[in-house]
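Naming: A, B, ... by sequence-line order, numbering from 1 per chain.
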Amino acid sequence: MLDPRLLRESPDIVRAAIAKKHLQVDLDAVIALDNAWRALLQETESLRSRQKAANNDMAKLPKGSPEFIAKVAEMRAVSAQVKEKETALKAAEEKCRAAMLSLPNIPHASVPEGATPEQNVVFSTHGDIAALVSAHAKPHYDIPGFNKLFDFDRGAKVTGAGFPFYVGDGAKIVRALLQFFLDEDTKAGYTEVNPPIFVNEASATAVGQLPDKEGMMYETIPDRFYAIPTAETPLTNFFRDEIVDEAALPICRCAYTPCFRREAGSHGKDVRGLNRLHQFDKVELLKWVHPSTSYAEHDKLRNDAERLLQKLELPYRVLLMCGGDLGFSQSKKYDLEVWSGGQQRWLEVSSCSNFESFQARRAQIRFRAKDGKPELVHTINGSGLAIPRVLSALLENNLQADGRIKIPAALVPYFGKEYLTFL
RNA sequence: GGAGAGGUGGCAGAGUGGUCGAAUGCGCCUGACUCGAAAUCAGGUGUGCCGGCAACGGUACCGUGGGUUCGAAUCCCACCCUCUCCGCCA
């Protein structure tokens, strides 16, 4: 959510932000709703003020006295008016809040102009893609024996499409990657957290998944919990409605969780094999930072995620997202894409985003500044990293002529052997 | 799942219909005393929203949401959470 004062004082900044993100929002309607709400609030509060003054007078009067009885009669009418106004006020407030929630975050000045993913800027490229071209290269789902270690058919039987079983070395490579990521992230200064993987409605709302993305999440009956689409959801809510110690900032945490995404409407080549799943494992990095260090911490977090790909010796590139491809709630975002040599395509394995105070305002996460006034923190997060696509690149890029997969040196201590075998 | 108790400011803890944003204690901040500190004494010390350049004014908040009433921290209803006992169970 944006600061309402920004809308009132500098609507042009908001207008420019909407344009840069290539969104359609009727800003004037939002402003009108805000004005209407404020006018109604004034009226209601002055009525209540009158009511309060009368109450104080009545407290001094003897209960049964004629003056008292007259006051009761008089205030009965005011009370009815207050109730009426309060009902109207509540409706106006809800409309206004909904309208405010429809306003996107302001993109940072360094975000490039652009409407489509093609206009994202390649920020940096690492590793040698050409070296991966070989005669036996193939998509991971076509590698002989793939279905033994990554059993999609039985997963479909037991649960549904996109819920594979990982078997034998398949399970072990997932565990090795998770352990490796968590160890590296911890070394980089992130405190490991093991959060709940279901959240309530308030938590989903605070990070912006509700309203709007309810169709993307699995919901439980009868408790109305949501299966988390990312560890960002429970992690960000850790400090919801709290004022944290300024000296503790930045607070850096990492968490492994399974992630659940309905991905309604996704079909075709993009979703084959490990490319897109309804349940997958991911380690998330998250920081609560002081606004003054926000972008430096954002860069650091991106570097922390990049280091993981470097240690796994996977070629990757970093995209700086243009305004049109920036999410609704982000001020700036880098995507890390790993090169998948068999499919000959880039796969997104991490989005490193700075939300500035957009999430913190909704979630009411603040710190006490030196002058004593609470101030909103900035939140930053990114994957470090998502397992299936890293795995898919690992399988494709490291496929040997004999059908085995060479395990990167950094991962060998975790995996326990130098090769993964399918058959 | 059953029975009972309870949820009040940073913490502890009073308050059962009106002058209560809320006693008191602790903590914290400022000042006095002191070479300095401790102790002591005096004063201060929640958050949001609206209006205002500001000083400040208004209003809301006693787990959450409804209700009763001229008036609710206080009474009624629902829900959430915590604790105790019983039951069940990884």
Side-chain angles (χ1 to χ4, degrees), chain A residues 1-10 30-101 103 194-206 210 219-226 234 237-248 258 357-377:
Chain A
M1 192 159 75
L2 287 178
D3 187 346
R5 274 178 287 262
L6 183 69
L7 179 66
R8 287 166 203 154
E9 288 160 20
S10 317
V30 180
I31 292 170
L33 284 171
D34 181 54
N35 287 334
W37 169 70
R38 282 191 288 164
L40 203 49
L41 183 69
Q42 292 288 336
E43 292 172 35
T44 310
E45 288 196 346
S46 72
L47 269 177
R48 278 205 283 239
S49 177
R50 196 177 144 199
Q51 199 176 31
K52 218 168 151 178
N55 288 344
N56 287 346
D57 293 344
M58 289 169 77
K60 292 175 194 126
L61 294 171
K63 275 273 153 56
S65 66
E67 299 98 313
F68 188 90
I69 290 163
K71 272 280 188 197
V72 169
E74 183 194 335
M75 293 319 292
R76 201 167 276 162
V78 176
S79 177
Q81 278 182 59
V82 167
K83 271 187 187 136
E84 209 173 287
K85 285 282 181 204
E86 278 181 342
T87 307
L89 181 67
K90 208 173 193 177
E93 203 175 311
E94 266 164 37
K95 267 194 204 163
C96 194
R97 185 177 160 78
M100 285 303 297
L101 289 177
L103 299 180
N194 189 335
I197 59 171
F198 292 96
V199 294
N200 57 30
E201 191 179 350
S203 295
T205 305
L210 292 176
E219 194 179 343
T220 67
I221 302 285
D223 298 293
R224 290 201 17 106
F225 292 149
Y226 295 90
N237 276 282
F238 188 91
F239 291 116
R240 172 152 57 87
D241 297 324
E242 291 189 32
I243 297 175
V244 301
D245 195 357
E246 181 177 24
S357 59
F358 197 79
Q359 284 185 327
R361 183 169 293 102
R362 266 201 194 199
Q364 282 299 301
I365 304 169
R366 295 171 291 171
F367 66 93
R368 198 172 290 283
K370 287 194 179 62
D371 64 2
K373 284 267 163 282
E375 204 178 311
L376 295 165
V377 300

| task | Give a yes or no answer on whether the side chain of A/Gln364 reaches the backbone of A/Arg361 with a donor-acceptor pair at less than 3.5 Å. | result | yes
Any strand, both distances under 3.5 Å, Watson-Crick or G-U wobble: B/U74 pairs with none
Euclidean distance for C1', B/C80 against B/C26 (whole angstrom): 31 Å
Under a 3.5 Å limit on both distances, the Watson-Crick or wobble mate of B/C79 is B/G63
Does B/U59 have its OP1 or OP2 closer than 4.0 Å to a side-chain nitrogen or oxygen of A/Ser46? no
Separation between the P atoms of B/A60 and B/G6, rounded to whole Å | 29 Å
Separation of B/A60 atom C1' from A/Leu47 atom CG, nearest Å, is 15 Å
Separation of B/U47 atom P from A/Asp241 atom CG, nearest Å, is 15 Å
All heavy atoms of A/Leu2 vs all of A/Phe358, minimum pair found to be N-CE1, 3.9 Å
Across every strand shown, the nucleotide meeting Watson-Crick or G-U wobble geometry with B/A3 (both distances under 3.5 Å) is B/U84
So does A/Lys63 reach the base of B/G18 with its side chain, donor to acceptor, closer than 3.5 Å? yes
Separation between the C1' atoms of B/A23 and B/C33, rounded to whole Å
30 Å
Atom CE of A/Met58 and atom C1' of B/U69 are separated, to the nearest Å, by 10 Å
Note: for A/Leu41 and A/Asn56 on RNA chain B, the residue whose nearest nucleotide lies more 5' is A/Asn56
Side-chain atoms of A/Arg366 come closest, of B/G48, B/U59, B/C70, to B/G48
For A/Lys52 and B/A60, is the shortest distance between a side-chain N/O and OP1 or OP2 below 4.0 Å?
-> yes
Considering only heavy side-chain atoms of A/Arg48, the closest of B/A60, B/G51, B/U19 is B/A60
- Task: Take atom C1' in B/G65 and the same atom in B/G58, then report the distance between them in whole Å.
- Result: 26 Å
**OP:** Could you tell me whether the side chains of A/Asp223 and A/Thr220 share a donor-acceptor contact shorter than 3.5 Å?
**Re:** no
Against the side chain of A/Pro374, the closest entry in B/G58, B/C70, B/U47 is B/U47
Legend entry - A/Asp245 and A/Arg368, any side-chain heavy atoms less than 4.5 Å apart: no
Closest of B/G71, B/G58, B/C70 to the A/Lys83 side chain is B/G71
inquiry  = Between B/C83 and B/G31, how far apart are the two P atoms, rounded to whole Å?
reply    = 43 Å
Distance between C1' atoms of B/C81 and B/G63 (Å, rounded)
7 Å
A/Lys373 atom NZ is separated from B/U47 atom C1', nearest whole Å, by 9 Å
In whole angstroms, the gap separating P of B/C49 from CD of A/Gln364 amounts to 7 Å
The Watson-Crick or G-U wobble partner of B/C11, with both key distances under 3.5 Å, is B/G25
For B/C53, the nucleotide meeting Watson-Crick or G-U wobble distances (both under 3.5 Å) is none
Does A/Arg368 make a side-chain N or O approach to OP1 or OP2 of B/U47 shorter than 4.0 Å? yes
note: A/Leu61, atom CG; B/G71, atom P; distance rounded to Å ~ 16 Å
* Asked: For B/G58, does OP1 or OP2 lie under 4.0 Å from any side-chain N or O of A/Ser49?
  -> no
Open item on the list: Work out how far the C1' atom of B/A72 is from that of B/A22, and round it to whole angstrom.
Closed with: 14 Å
**Request:** Rounded to whole angstrom, note down the C1' distance from B/G71 over to B/G17.
**Result:** 8 Å
Contacts of A/Gln51 and A/Asp34 projected onto RNA chain B by closest heavy atom; the upstream (5') one is A/Asp34
Paired to B/A39 by Watson-Crick or G-U wobble criteria (both distances under 3.5 Å) is none
Across every strand shown, the nucleotide meeting Watson-Crick or G-U wobble geometry with B/U69 (both distances under 3.5 Å) is none
note: A/Gln81, atom CD; B/G71, atom P; distance rounded to Å ~ 13 Å
Against the side chain of A/Arg5, the closest entry in B/C50, B/U59, B/G18 is B/C50
With the side chain defined as heavy atoms from C-beta on, A/Glu45 is closest, among B/C49, B/C70, B/U68, to B/C49
- Should we say atom CZ of A/Arg97 is surrounded by more than 12 heavy atoms from elsewhere, each under 6.0 Å from it? no
Quick note, A/Gln42 side chain, CB onward, closest among B/G71, B/G58, B/G51 is B/G51
(request) Would you indicate whether the side-chain heavy atoms of A/Phe225 and A/Glu219 approach each other to under 4.5 Å? (result) no
If you measure only the distance, is there a donor-acceptor pair under 3.5 Å linking the side chains of A/Arg240 and A/Ser203? yes
ask   = Is there a side-chain contact between A/Met100 and A/Leu7 (heavy atoms, below 4.5 Å)?
value = yes
Query raised in the report: What is the nucleic acid contact for A/Arg361, judged by heavy atoms within less than 4.0 Å: base, sugar-phosphate only, or nothing?
Result: nothing
In whole angstroms, the gap separating P of B/G65 from CD of A/Glu93 amounts to 11 Å
If pairing means Watson-Crick or G-U wobble with both distances under 3.5 Å, then the partner of B/C33 is none
| task | Quick one: label A/Glu74 by what it contacts on the DNA or RNA (base, sugar-phosphate, nothing), any heavy atom closer than 4.0 Å. | result | nothing
